[in-house]
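No hydrogens, no waters, no symmetry mates; every other heavy atom, side chains included, goes into these values. Each chain gets a letter, A, B and so on, in the order the sequences are listed, and its residues count up from 1.
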There are 2 protein chains.
Amino acid sequence: MGEMASGGQSAEQAPPSFVELATRILESSGARMTVVRRILCEVLQNAEHSMSSDQLLTEAKKRDPLISMSSVYRTLKFLSDAELLRQIDGLDGERRFEKADLKTAASHIVCRDCGIVVSLSDPCLAIRETPAIRAEGFHRERISLRVEAKCTELAETGDCKRRNRAK
Amino acid sequence: MGEMASGGQSAEQAPPSFVELATRILESSGARMTVVRRILCEVLQNAEHSMSSDQLLTEAKKRDPLISMSSVYRTLKFLSDAELLRQIDGLDGERRFEKADLKTAASHIVCRDCGIVVSLSDPCLAIRETPAIRAEGFHRERISLRVEAKCTELAETGDCKRRNRAK
DNA sequence: ATAACTGCAAAAGTTTTGCTCGAGG
DNA sequence: CCTCGAGCAAAACTTTTGCAGTTAT
């Protein structure tokens, strides 16, 4: 769960972790990777799903109860500007965040029944769309697919496993 | 620009206009197509691009200066719930709206240079993604692609025609 | 010593709601 | 008439900002 391997500094196969990426960006702009920022980055790094600003604050407070919403938003803004975060729109315009790592494309299903957001993998999405985007006179920088859907399991059985996990 | 043709009431090829659709939905739920609502619907119907709540109010006020923001939001909510509107996320989380008509899929390019939103056509998008969505246990209801991009023209010539039109 | 960071509180936006009056079927 | 809709103003949120004390270099 913590850092592992990556003993030397020569290999080029070591995938930099989210916290490492954030640290680089921060330091390259004269900023510091402080305790508060590290906690927020680590929460985002370890999050299995996208989070709202509220959830992020709640999680961070478990590690340091004094962390404030200002820091959450300041950090989210910073990481977003650095393209390290992706924003996802949940139900009712709810904004959620998740680490973007290096992918340029991402797809998500937003469940209309319970509001959870599920990631969907489609490596070809960006490539397929490139010609049409170019034809419009644009150069693609980031691409995301959003699917609103109903839960099959809920419709058939009246209940849904996913529903029983925190939003 | 108004209604044309559709003389009889027998043909099944008459595509109901946005205002007509809205009227049906309204009346079927015991509500009324009032003057205010009609103005708002007509503005949305005639809009060439997606609009913010603010723009919608501004346009509507040109026809009736007394229209209030409450009515804008109430109408937007109503039409959204009825699936007659599509929400698009502009830059910086700005919410924009456009009529959805009957399409289940829509694609938009958001320009990072000037913030405009351009529609993109890809009729196969929904079909291509269906298997993956089903595999996750969901039944697709609506699908939208969002592309953030840079303007090629601006990069090459230092200016952009689109930029000079109102956001 | 200097520059950056944080929490707090206030501000700024945006969207929703309660209320009362007016309009419409 | 009696219901539904509209505007106004206030409330409710979410996100941003100014400030003053604190921390790290």
Side-chain angles (χ1 to χ4, degrees), chain A residues 19 22-44 50-58 60-82 85 87-97 115 167, chain B residues 19 22-44 50-58 60-82 85 87-97 115 167:
Chain A
V19 174
T23 305
R24 276 185 216 172
I25 302 256
L26 276 165
E27 296 187 341
S28 74
S29 69
R32 302 165 190 157
M33 176 52 89
T34 62
V35 174
V36 169
R37 284 177 184 160
R38 164 159 272 117
I39 290 175
L40 291 168
C41 287
E42 284 174 355
V43 171
L44 285 164
S50 59
M51 313 181 75
S52 64
S53 53
D54 222 39
Q55 289 176 316
L56 180 52
L57 179 61
T58 302
K61 277 191 165 171
K62 290 180 185 169
R63 300 225 223 157
D64 178 348
L66 289 184
I67 291 181
S68 71
M69 193 53 117
S70 314
S71 293
V72 169
Y73 277 113
R74 275 189 281 239
T75 302
L76 286 174
K77 179 88 167 63
F78 188 92
L79 297 173
S80 292
D81 286 350
L85 287 186
Q87 258 187 64
I88 299 148
D89 305 289
L91 245 34
D92 302 315
E94 184 199 24
R95 286 171 74 195
R96 306 182 66 82
F97 302 85
K167 230 178 101 177
Chain B
V19 174
T23 305
R24 275 185 218 172
I25 303 257
L26 277 165
E27 297 188 340
S28 74
S29 70
R32 302 165 190 156
M33 175 53 89
T34 62
V35 173
V36 169
R37 283 177 183 158
R38 164 160 271 116
I39 290 176
L40 291 168
C41 287
E42 283 174 355
V43 171
L44 286 165
S50 59
M51 314 182 74
S52 63
S53 53
D54 223 37
Q55 288 175 316
L56 180 52
L57 179 62
T58 302
K61 277 191 166 172
K62 289 180 185 169
R63 300 226 223 156
D64 178 348
L66 289 183
I67 291 182
S68 72
M69 193 53 117
S70 313
S71 293
V72 169
Y73 277 112
R74 276 190 278 240
T75 302
L76 286 174
K77 179 89 166 62
F78 188 91
L79 297 173
S80 292
D81 287 350
L85 286 186
Q87 258 187 64
I88 299 147
D89 305 288
L91 247 32
D92 302 315
E94 184 198 24
R95 287 170 73 194
R96 305 182 67 80
F97 301 84
K167 232 179 98 177

Output a table of nitrogen or oxygen pairs between the protein and nucleotides 10-13 of chain C separated by less than 3.5 Å.
none

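- Nearest heavy-atom pair across A/Arg96 and A/Ser50 is NH2-O, 2.7 Å.
- Atom P of nucleotide C/dC5 and atom CZ of A/Arg38 are separated by 14 Å, given to the nearest angstrom.
- In this structure, B/Arg74 atom CZ and D/dC4 atom P are separated by 15 Å, rounded to whole Å.
- Rounding to whole angstrom units, CD1 of residue B/Ile67 and C1' of D/dC8 are separated by 15 Å.
- Residues B/Leu79 and B/Leu44 have side chains in contact (heavy-atom distance under 4.5 Å, counting atoms from C-beta outward).
- Residue contacts shown for B/Arg95 are limited to sugar-phosphate atoms, with no base heavy atom under 4.0 Å away.
- Side chain of B/Asp64 to backbone of B/Leu66: a donor-acceptor contact under 3.5 angstrom is found.
- Here the shortest heavy-atom pairing between B/Leu91 and B/Gly115 reads CD2-CA, 3.8 Å.
- Residue whose closest nucleotide on DNA chain C sits further toward the 5' end, between B/Asp54 and B/Val35: B/Asp54.
- Taking atom CZ of B/Arg32 as the reference point, atom P of D/dG5 lies 6 Å away to the nearest angstrom.
- Distance B/Leu57 CG to D/dA6 P: 13 Å, rounded to the nearest Å.
- Listed here is the closest heavy atom pair of B/Arg37 and B/Ala31: NH1-CB, 3.9 Å.
- Between B/Ser70 and C/dT17, a side-chain N or O to OP1/OP2 separation shorter than 4.0 Å is absent.
- Across all strands shown, A/Ser71 has heavy atoms under 4.0 Å from sugar-phosphate atoms exclusively, and none from any base.
- At a threshold of 4.0 angstrom between heavy atoms, the contacts of A/Thr34 are confined to the sugar-phosphate backbone, with no base atom among them.
- Summarising the geometry, the separation between CG on B/Asp64 and C1' on D/dA6 is reported as 10 Å, rounded to the nearest angstrom.
- Residue-level contact check: B/Leu76 touches neither bases nor backbone, having no heavy atom under 4.0 Å from any strand.
- The two atoms that bring A/Ile67 and A/Leu57 nearest to each other are O-CD1, 3.5 Å, heavy atoms only.
- Residue contacts shown for B/Arg37 are limited to sugar-phosphate atoms, with no base heavy atom under 4.0 Å away.
- Atom CD in A/Glu27 sits roughly 12 Å away from atom C1' in D/dT25 (whole-Å rounding).
- Looking only at side-chain heavy atoms (C-beta outward), A/Asp89 and B/Gln87 stay at 4.5 Å or farther from each other.
- Taking for each of B/Gly30 and B/Met69 the nucleotide of DNA chain D with the nearest heavy atom, the 5'-most of the two is the partner of B/Gly30.
- In this structure, CG of A/Asp92 is placed 13 Å from C1' of D/dC13, rounded to the nearest angstrom.
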